[in-house]
Amino acid sequence: MSDLQHLFTEAVRLHQLGQLTEAERLYLQVLHVVPENINVLANLGIVCRDLGKLTEAEAYCLRTVAAAPDDPEQHLNLGAILEARGDAAAAAAAYEEAMKYAPYHPKVLNNLGKLLYQQGQKTKGLQLVEQAVRIEPDYPLALNNLGVIYSEEGDLGRAGWCLEKSVTLDPGNADALYNLAGVCNALGNLEKAKT
């Protein structure tokens with residue numbers, strides 16, 4: 001069993017390093033031995049999503065949801081894949097299912113809030129993303145999403161604050177940098193927008 005654990009640990013390491021194809025190969029080796037292991041299935045779902053293999057990712061996530069229907073993380077992962085596939089209604093349903101088991105989970109609140117906002121449920125979406133940031137104030141993705149929402153709502157001051165904090169927490173996030181530059185430009189702070 002230690003060889004199997006070593007393979008899984010190495011797959012996780014490679015995944016974190018962005019070596020997705022090699023990580024997938026090792027996860028599949030482990031899955032061959034333990035075909036119903038929820039951790040392996042979940043990680044395969046995530047690595048396949050990252051590789052753009054959304055059909056395979058969804059299949060793995062459906063297996064994890066079936067194996068652990070009361071685990072909010074599995075519904076969250078499924079929702080992210082469904083969202084990537086462009087199925088907003090199914091993604092929202094998966095996020096809402098996750099909320100049944102973890103109503104104060106920042107990632108669930110953020111993902112569902114962003115999606116609802118994009119679908120036109122602006123008030124509810126904004127409330128959920130704000131709640132995610134209240135619960136986890138140093139959550140860069142939620143801060144970025146909240147900054148974008150504030151910007152769309154015309155509240156550029158709060159948008160800039162959220163985006164600056166997001167960039168400070170995750171300086172390599174190109175989306176947050178781009179969004180911050182847009183807000184700085186809208187505020188007339190062209191020098192800051194350039195940096």
Side-chain angles (χ1 to χ4, degrees), residues 12 15-16 27 31 36-155 158-159 161-163 165-170 173 175-176 179:
V12 170
H15 192 176
Q16 291 169 342
Y27 285 138
L31 187 67
E36 298 306 316
N37 184 288
I38 194 166
N39 294 323
V40 178
L41 289 167
N43 285 15
L44 263 169
I46 294 166
V47 82
C48 284
R49 180 199 66 199
D50 295 346
L51 284 166
K53 299 178 175 183
L54 299 180
T55 301
E56 292 94 329
E58 183 178 351
Y60 289 125
C61 285
L62 287 170
R63 287 172 65 183
T64 66
V65 166
D70 58 349
D71 183 345
E73 294 291 334
Q74 307 317 317
H75 294 283
L76 177 65
N77 289 340
L78 178 60
I81 289 161
L82 293 167
E83 190 175 348
R85 290 191 73 183
D87 191 344
Y95 295 145
E96 287 169 355
E97 191 67 22
M99 278 191 70
K100 287 182 187 177
Y101 303 106
Y104 303 107
H105 191 302
K107 289 181 181 176
V108 175
L109 292 165
N110 175 62
N111 286 18
L112 180 58
K114 177 193 67 145
L115 186 61
L116 292 177
Y117 188 87
Q118 291 170 340
Q119 291 182 309
Q121 297 182 49
K122 295 184 182 260
T123 301
K124 178 70 173 173
L126 172 60
Q127 290 171 346
L128 291 175
V129 179
E130 285 177 331
Q131 186 178 1
V133 171
R134 277 194 303 276
I135 293 168
E136 192 173 324
D138 291 337
Y139 181 12
L141 182 58
L143 286 160
N144 177 60
N145 290 336
L146 189 55
V148 169
I149 291 172
Y150 284 151
S151 178
E152 289 185 21
E153 295 291 311
D155 190 343
R158 288 202 304 182
W161 183 88
C162 289
L163 292 166
K165 186 169 182 184
S166 178
V167 167
T168 299
L169 293 166
D170 185 9
N173 185 325
D175 290 335
N179 294 331

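Position 1 is the first residue of the sequence; numbering continues from there. Keep in mind that this is a model prediction, so the values were computed, not measured.
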Between [X] and [Y], which heavy-atom pair has the shortest distance, and what is it?
X	Y	value
Gly147	Ala159	O-CB, 3.2 Å
Pro140	Asp170	CB-CB, 3.8 Å
Leu82	Ala94	CD1-CB, 4.3 Å
Cys61	Leu78	CB-CD1, 3.9 Å
Lys165	Pro137	NZ-O, 3.1 Å
Glu136	Pro106	OE1-CG, 3.4 Å

NZ/NE/NH1/NH2 to OD/OE distance under 4.0 Å, Arg63 and Glu36: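 A salt bridge links Arg63 with Glu36.
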Between Asp70 and Lys100, is the closest basic N to carboxylate O distance under 4.0 Å?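 Salt bridge absent between Lys100 and Asp70.
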Result of checking His105, Glu83, Lys107 against Tyr95 for side-chain hydrogen bond (donor to acceptor under 3.5 Å, both in side chains):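 The single option meeting the side-chain hydrogen bond (donor to acceptor under 3.5 Å, both in side chains) with Tyr95 is Glu83.
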Inter-residue atom distance [X].[atom1] - [Y].[atom2], 0.5 Å rounding:
X	Y	atom1	atom2	value
Trp161	Leu146	CH2	CG	8.5 Å
Leu143	Asn179	CG	CG	12.0 Å
Asn43	Ile38	CG	CD1	10.5 Å
Ser166	Asn144	OG	CG	4.5 Å
Arg85	Ile81	CZ	CD1	9.5 Å
Leu76	Met99	CG	CE	11.5 Å

With side-chain contact (heavy atoms from CB on, under 4.5 Å) as the test, pick out the partner of Tyr139 among Val133, Asn110, Asn145.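 When Val133, Asn110, Asn145 are each tested with Tyr139, the side-chain contact (heavy atoms from CB on, under 4.5 Å) holds only for Asn110.
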With a cut-off of 3.5 Å and sequence neighbours excluded, list every side-chain donor-acceptor pair involving residues 44-54.
unit_1, atom_1, unit_2, atom_2, d
Asp50, OD2, His15, NE2, 3.0
Lys53, NZ, Glu24, OE1, 2.9
Lys53, NZ, Glu24, OE2, 3.1

Listing, residues 115-132 side-chain donor-acceptor contacts under 3.5 Å, not counting sequence neighbours, or none:
unit_1, atom_1, unit_2, atom_2, d
Tyr117, OH, Glu153, OE2, 2.5
Glu130, OE2, Tyr150, OH, 2.7

Close side-chain approach of Tyr27 to Val12, heavy-atom, < 4.5 Å: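 Heavy-atom side-chain distance check passes, below 4.5 Å.
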